[in-house]
Structure formats: C-alpha cells, structure tokens
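Here's the structure we're looking at; comments come further down.
Quantities reported herein were computed from a predicted structural model and do not represent experimental measurements. Every chain is numbered from 1, with letters handed out A, B, ... down the list of sequences.
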Amino acid sequence: MMPIWTKSGEKHAVTLLKVQDCHVLRYLSKEEAGGKTAKLLVGGKNVSPFSKPESAHEIFKEAGVPPKQKVTTFNVTDDAIIKPGTPLYAAHFRPGQFVDVTAKTIGKGFQGVMKRWGFKGQPASHGQTKTHRRPGAISTNQASKIYRGKRMPGKMGNIYRTSFGLKVWRINTKHDIIYVNGSVPGHTNCLVKVRDSKLPTYKDCNKNPPFPTFFADGDEELPEDLFDEEIFQFTDPSVTFA
Amino acid sequence: CRVSSDGKPPKFQPPPKPVIIDRKTQKEERRFLSPEFIPPRGRTDPLKYYIERKDMIQRRKVFNIPEFYVGHVLAVTTADPYASDKSNRFVGICIQRGGKGLGATFVLRNVIEDQGVEICYELYSPRIRAIEVLKLEKRLDENLMYLRDALPEYSTFDVNMKRVPRKDDEEIPVNKVQVRMKPKPWSKRWERPKYNIKGIKFELPEHKMKAAQKWSQPWLEFDMLREYDTSKIEEKIRKELSEELEK
C-alpha cells in the first residue's frame, strides 16, 4: 500500500494489484452455464503443472495456456465475449473507473467470540470467576433452543469477501499494476479478483474503457503510466493554493 | 624465455613499481542514503519498492530534499489554503525520521511562546514548498523524543534564525550536549536501557539507575534473527539513485 496525493494536496492510501499472466480459459454460453448471462472462465497466476491434478489440466490444454493457480468466473454480456486463450492486461481498466475487489480474507484460525464477533466480554475484576472473554447467555428460556446463526466461537477468516466501489487511480502498463483506492481483503501477495463495480452509483461511470478488452498486439500504444485527472504527478512542481 | 628477433639478449625490463595505496589517509567517501529508501524486511514483492523508488526519484528531481539527520534544525515552508499568504513556515529541530518509501515523515519540534509544538511532515507531500537546513549538527541519539521531558530551553529555536554557514563540506559535527530534564514523571522512562539514550544528564539517585538496569536485555545484540544486513541492498540502491539523478 502506498500514499497518493491529489492536486488539492489531500492524501489517499492506495493498494497496488499486479495482473500476472491472466488468460481467458473458456466460454460458457447462457444455456451451458445455467445462469442469466454467459460466463467466461479466467485463470490467474502461472503455476507448475505438478501442483494441479490431471483432471484440471484439460481446460488449460484446450486454451493452450500454462496451468493457472486460480480460475474464476465472470458474468459477461454477449457483446463482451472474448476468445479463450487471449491474455488480459492491466490496461483493461482505466483510471477513474470504479472496481470491486474480491479475495480470501486473512485466516485467523479458531477464534473466540470477542475477536470474531466483537462481543464485550466480562470485567477483569470485581469478583468474576473464570469468566472474562466468554459469550455469556446464548438464548432465552422460552425459546428452548439456540437459534440458527447464533454467533459463537469458530474459525475466523479465510473466506471470500468483496470491497465495493474502489476507485482506480493509476495504471502502470509496463508492469501491469493497478492502483486501487483504499484497502483490499487478503494478505500481501494473495490472489485477488477485480471486477467492474456493480454498485448503482457507478453504473455509468466507465468513460470509454477498452471493450471487450485491451489487446496488446493492437494498434494503440499506451504510455507507461496512466493517471487519473486529479492525481498529483511527481513531474509537476509543488502544489500551491491561489 | 623470450627469443629476441636480433639474436641479442632482450632489453632489461625493470619490474613495475609497486603502487602504494595509503588506506589510512584515504577517507571513505561519505555517501548519504536517505533512510526511507532502504526497504524493510518482509514478504512484499521487491517490484513494489522499485516502483515506489522511481516515484521518489521523480519527486527528488523536481524538488530538492536536502540531506539531513535527526538533530538538525530545519525550516519547512508548506502551502496552506487557510493562511493569509497561502504559505506556512515552521522552524524546528528534527527529533525523529520515520516511515519508508513515499510515506516517509519527519517530526520538527520547537517551543513557541512557552508552548511546545511538534509538527510531523511528509517528505514527499506535494504541499511542501521548501526545506532548508539551518543548522547542521548530529546528536548522540537517533530519536530525540526525550526533548519533550527536557527543559524547554533545549527545544527553543529562533523562528527567524539565519542559516549557520558551514565551513567544511566533509563531516557533520556531533553535538555531545547532555540535556537536563524536568522533574519526573516523564512521558517515557528514558533511563531504561531499551531506549539506550546517551544524550541525557540523568540526575537520578544511583539506586534508581541500577533498578532501571533490571529491564536490560543483553541477549538482544546477539540475536541472529534480528540481524538485517542492508549493505548490499544499500549499494544497489545507491547505484540506482546516482544513475537516475544524473539523467
């Protein structure tokens, strides 16, 4: 994570996400997938074929791509279908866009009720016998049962969570890095799924993104760094207020 | 044995004269590397530090960040939207340099009209217009937070102080002043060995100083897992910096 300054001198914290060997693996039409839209399977980081079972190698051989560590699905409309085997780059996103980032949160193991659910526990002194971090009462008398979903100790973390509506500040096309506002779930160097935001406020926010995706062998030559309009670029002189 | 073309014995070649490198008088070139360039130990990808360094070098090309250590007296002018001149000048002694990469900070302390003021500035913030080093002197410690509990005379610096001219461009003088403290309680127990402070004149009784040594951890200096040898990393970064800044 890094700080980033705007032209008015405000500081924002930014997470760097690297797009590492992403390829489209398979296209599933609406009927095959069984959903409301067509699906595209996309694979992430390259990994050695020995770490995947033989049955999983089929998809990668079909697409002609080395085996990937993670395979995710994206729901796509019919005009955004991409041929399996095309590489995906960070330039697929543009600065100023809004993005949802999904990842597995940091696993904390088996945790008690105070850390997992934020319960207040009991006082440290004044006569408490062996009860300082316990949940206390778990149900009422009349219920005669514990309701489903009662918050109790258990394994915490290591589940998929999404941060919605994160702004993309900057894109580095040379190293395929996306600078995303704020924090993102997951530990350092974990695999993350980045998707166009589905929040209603940002529905019309994408101003001419590369559609269906950015093709590297195409005609357009992008500069090494793409900045949002409001970012203070370090090539400019210091900020002054008129 | 060389055979000469004429048949005469070859001309006597005297052996090469030995070159004496006088290592004692040859001083090491003082190369200062700002501490925020050295990446911390961790599991982050070195690519992240490389990209951050590129940004830091970019900023340094446009704006001059002078070399300074803890104990120097600096004057910083920032752009302030709420001031009448839209700019704000603060003079103070640098008591701490923290943070790595673009978020590197330094704290300046001064006592203005009997009120101690500390301001934490970010080195790479675009709102900073100028950083001038007024007085160059290192102190015995790298963290002068104990000045908060010292007598205010040690933290007062004239706001309109002029730049102290530097005679040599070689060594930075070390000020070995032993600071006198206010009566206890202090914000931190500075007499304890964990802070390892050499710049305070402790006027505490002997038994208190001895009791403070109870918290010493003499095994820490031999702990091999805490060793972080930065010499090779520093060399690489210095080379990179010098190449980029010359462009």
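Using a 4.5 Å cut-off between heavy atoms, B:Tyr82 makes no contact with chain A at all. Looking at B:Lys100, neither its backbone nor its side chain comes within 4.5 Å of chain A, counting heavy atoms on both sides. Proximity to chain A is limited to the backbone of B:Ile128, based on heavy atoms less than 4.5 angstrom apart.
The greatest number of non-hydrogen atom pairs below 4.5 Å with chain A, out of B:Gly42, B:Pro126, B:Ala130, is found for B:Pro126.
A donor-acceptor pair shorter than 3.5 Å cannot be found between the side chains of A:Ser8 and B:Arg127.
Taking all atoms of both residues into account, the shortest heavy-atom contact from B:Ile51 to A:Tyr179 is CG2-OH, 3.2 Å. Scanning all heavy atoms of the two residues, the minimum distance from B:Val62 to A:Asp236 falls at CG1-O, 3.7 Å. Of all heavy-atom pairs spanning B:Arg129 and A:Val239, the tightest one is NE-O, 4.3 Å. In plain terms, the two heavy atoms of B:Arg59 and A:Phe232 that are nearest each other are NH1-CZ, 3.6 Å.
A distance-only check finds no donor-acceptor pair linking the side chain of A:Asn189 to the backbone of B:Thr44 [under 3.5 Å].
The CG atom of A:Leu16 sits 7.5 Å away from atom CD of B:Glu52, with the distance rounded to the nearest 0.5 Å. A distance of 11.0 Å separates CE in A:Met2 from OH in B:Tyr49, rounded to the nearest 0.5 Å. Between the CG atom in B:Leu47 and the CD1 atom in A:Ile177 there is a gap of 4.5 Å [rounded to 0.5 Å]. Rounding to the nearest 0.5 angstrom, the gap separating the OG1 atom in A:Thr188 from the NZ atom in B:Lys48 is 10.0 Å. The distance from the CD atom of B:Gln58 to the CZ atom of A:Phe234 is 9.0 Å, given to the nearest 0.5 Å.
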Exercise. Decide yes or no on side-chain contact (heavy atoms from CB on, under 4.5 Å) for B:Tyr50 and A:His175, but give the supporting numbers first.
Key: CA-CA 11 Å; B:Tyr50 171 69; A:His175 296 282; 4.0 Å; yes

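Under a cut-off of 6.0 angstrom, the local environment of CZ in A:Arg161 is sparse, with at most 12 non-hydrogen atoms contributed by other residues, nucleotides or ligands. Other residues, nucleotides and ligands contribute over 12 non-hydrogen atoms within 6.0 Å of the NZ atom of B:Lys184. Summarising the local packing, CZ of B:Arg41 is surrounded by more than 12 heavy atoms from other residues, nucleotides or ligands at distances under 6.0 Å. By the neighbour-count criterion of 12 heavy atoms within 6.0 Å, atom CZ of B:Arg238 is densely surrounded, having more than that number from other residues, nucleotides or ligands. A 6.0 Å sphere centred on NZ of B:Lys208 holds no more than 12 heavy atoms belonging to other residues, nucleotides or ligands. Residue-environment remark: CD (A:Glu58) stays at or below the threshold of 12 foreign heavy atoms within 6.0 Å. With a 6.0 Å radius and a threshold of 12 heavy atoms from other residues, nucleotides or ligands, A:Lys115 has its NZ atom at or below the threshold. Annotation: B:Asp114, atom CG; neighbour count of heavy atoms from other residues, nucleotides and ligands within 6.0 Å does not exceed 12.
In summary, B:Asp55 and A:Arg170 engage in a salt bridge, as defined by a charged side-chain N under 4.0 Å from a carboxylate O.
Proximity of B:Glu122 to A:Trp5: side-chain heavy atoms (C-beta onward) are separated by under 4.5 Å at one or more points.
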